[in-house]
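Only one structure is covered here, and it is reproduced in the block below.
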Amino acid sequence: MTDDSGCVFFVGAGPGDPDLLTIAGRKIIEKADLDLYAGSLVPREILACARRDALIVDSSALTLEETHALMLSVAGKGGIVARVHTGDPVLYGAIAEQIRLLDKAGISWRIIPGVTAASAAAAAAGISFTMPGICQSLVITRAAGRTPVPPGQTIEDFARHGAAMALYLSAGHAAEIQQQLAGALAPETPVLCASRVGWPDEKLVWTSVAGLRDCVLENAIERQTVFIVLPGQGKLPSRSCLYDGSFQHMFRK
């Protein structure tokens, strides 16, 4: 067994459904001395498995320095910290800045991946991001807001590739997103508006590039939303090579 004492674990909680918490993530939460979670995004039910004597803190109102001080106060004394993030912590989880402070303090850390909202939304809607001969790539990005995007990485830039797209943290920018998508994609291109995926009030609404803004307004779609853009979704894909009888590989002659 590995010694987890004095370690901070960045745990991906998944999009909201407690059943989508990974086994690895649950094990860390179960034994952590401090469970520090983003209460604005992570349901409290995720921490139902925490130790009864564990310190459980909602970080939604805390600053980076305050969350670091909490983690340091426990991990610095040999305790285990579960820093619980929504979805997968490596996507828009702001873990890099937390890790820099931990490294500076000499505190060890590890990342436990989680189910991200795009995957959960696709599963809930019964769709595939990739289709043979039509789409073989997925772009995960966001609209520019208070956090800008670098040159060459706008939504319109990526849309020109014709890849499937998952747009995070962008529910308040529907009109801007529609305009950018319209500069590169056909107006009838399907768009799935997936709000609070995995929560009891989950909302999955289909629209198109041309109808995105109105759809968001009519359905009161707000925070915790991912837009899934699917160019070519209505086309009939060719059969994949993987399960084709004429396709030979090391397991099938």
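If you read the sequence from its start, that first residue is 1, and numbering goes on from there.
Between S40 and R223 the shortest heavy-atom distance is O-NH2, 2.9 Å. The two residues V229 and L185 have their closest heavy-atom pair at CG1-CD1, 3.7 Å. Of all the heavy atoms in D58 and A38, the pair that sits closest is OD1-C, 4.0 Å. Contact detail for R213 and A175: the closest heavy-atom pair is CD-CB, 3.7 Å. Of all the heavy atoms in A75 and C7, the pair that sits closest is CB-N, 4.5 Å. Nearest approach of W199 to P43, heavy atoms of both residues: CZ2-CD, 3.5 Å.
The main-chain N or O of L62 is never found under 3.5 Å from a side-chain atom of S59 such that the two would form a donor-acceptor pair. Although no hydrogens or angles enter the test, the distance criterion places no donor-acceptor pair under 3.5 Å between the side chain of S170 and the main chain of L167. Using modelled atom types, no side-chain atom of Q180 and backbone atom of I177 make a donor-acceptor pair closer than 3.5 Å.
Hydrophobic clustering (ILVMFWY, side-chain heavy atoms < 4.5 Å, transitive): V209 and F227 are in one cluster. Criterion: ILVMFWY side-chain heavy atoms under 4.5 Å apart, direct or through other members. Under it, L230 and V205 are not part of a common hydrophobic cluster. W206 and V226 end up in the same hydrophobic cluster when Ile, Leu, Val, Met, Phe, Trp and Tyr side chains are linked at under 4.5 Å. The hydrophobic cluster containing L55 also contains L102, counting ILVMFWY residues as joined when their side-chain heavy atoms lie under 4.5 angstrom apart, directly or transitively.
To the nearest 0.5 angstrom, F129 atom CZ is 6.0 Å from S119 atom OG. Atom OG in S195 sits 6.0 Å away from atom CD1 in I221 (nearest 0.5 Å). Between atom SG of residue C49 and atom NZ of residue K31 there is a gap of 12.5 Å, rounded to the nearest 0.5 Å. A distance of 8.0 Å separates OG1 in T207 from CG in D214, rounded to the nearest 0.5 Å. The CG atom of L34 sits 8.5 Å away from the CE atom of M71 when rounded to the nearest 0.5 Å. Separation of atoms OG1 (T189) and CG (L212) is listed at 11.5 Å; rounding is to 0.5 Å.
Atom CZ of R26 has 12 or fewer neighbouring heavy atoms from other residues, nucleotides or ligands inside a 6.0 Å radius. The local environment of CD in Q179 is sparse, with at most 12 non-hydrogen atoms from other residues, nucleotides or ligands closer than 6.0 Å. More than 12 heavy atoms of other shown residues, nucleotides or ligands fall within 6.0 angstrom of atom NZ in K203.
The shortest side-chain heavy-atom distance between T86 and P15 does not fall under the 4.5 Å cut-off. When side chains are defined from C-beta on, T67 does not count as touching L70, because their heavy atoms never get closer than 4.5 Å. Counting heavy atoms from C-beta on, the side chains of L181 and I155 come closer than 4.5 Å. Residues I95 and I111 meet the side-chain proximity criterion, which asks for heavy atoms closer than 4.5 Å. D88 is not listed as a side-chain neighbour of V115, based on a closest heavy-atom distance of 4.5 Å or more.
Think of I80 as one node in a network of Ile, Leu, Val, Met, Phe, Trp and Tyr side chains linked at under 4.5 Å; its network also takes in F9, V11, L21, I28, I29, Y37, V42, I46, L47, I56, V84, I112.
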Only distances under 3.5 Å count here; give the side-chain donor-acceptor pairs of residues 132-151 to other protein atoms, sequence neighbours excluded, each with its distance to 0.1 Å.
from: Q136; atom 1: NE2; to: M131; atom 2: O; distance (Å): 3.2

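When the salt bridge (charged side-chain N to carboxylate O under 4.0 Å, His left out) test is applied to R160, the partners found at least two apart in sequence or on another chain are E156, D157. Residues forming a side chain to side chain contact (heavy atoms under 4.5 Å, CB included) with A105 (at least two apart in sequence, or on another chain): H68, L72, I107.
In summary, D35 and R51 do not engage in a salt bridge, as defined by a charged side-chain N under 4.0 Å from a carboxylate O.
Residue pairs meeting the side chain to side chain donor-acceptor pair (under 3.5 Å) criterion with at least one member in residues 98-108, sequence neighbours excluded: R83-Q98, H85-Q98, D103-W109. Screening residues 156-192 for ring-ring contact (aromatic ring centres under 6.0 Å, His included), with sequence neighbours left out, gives Y92-Y168.
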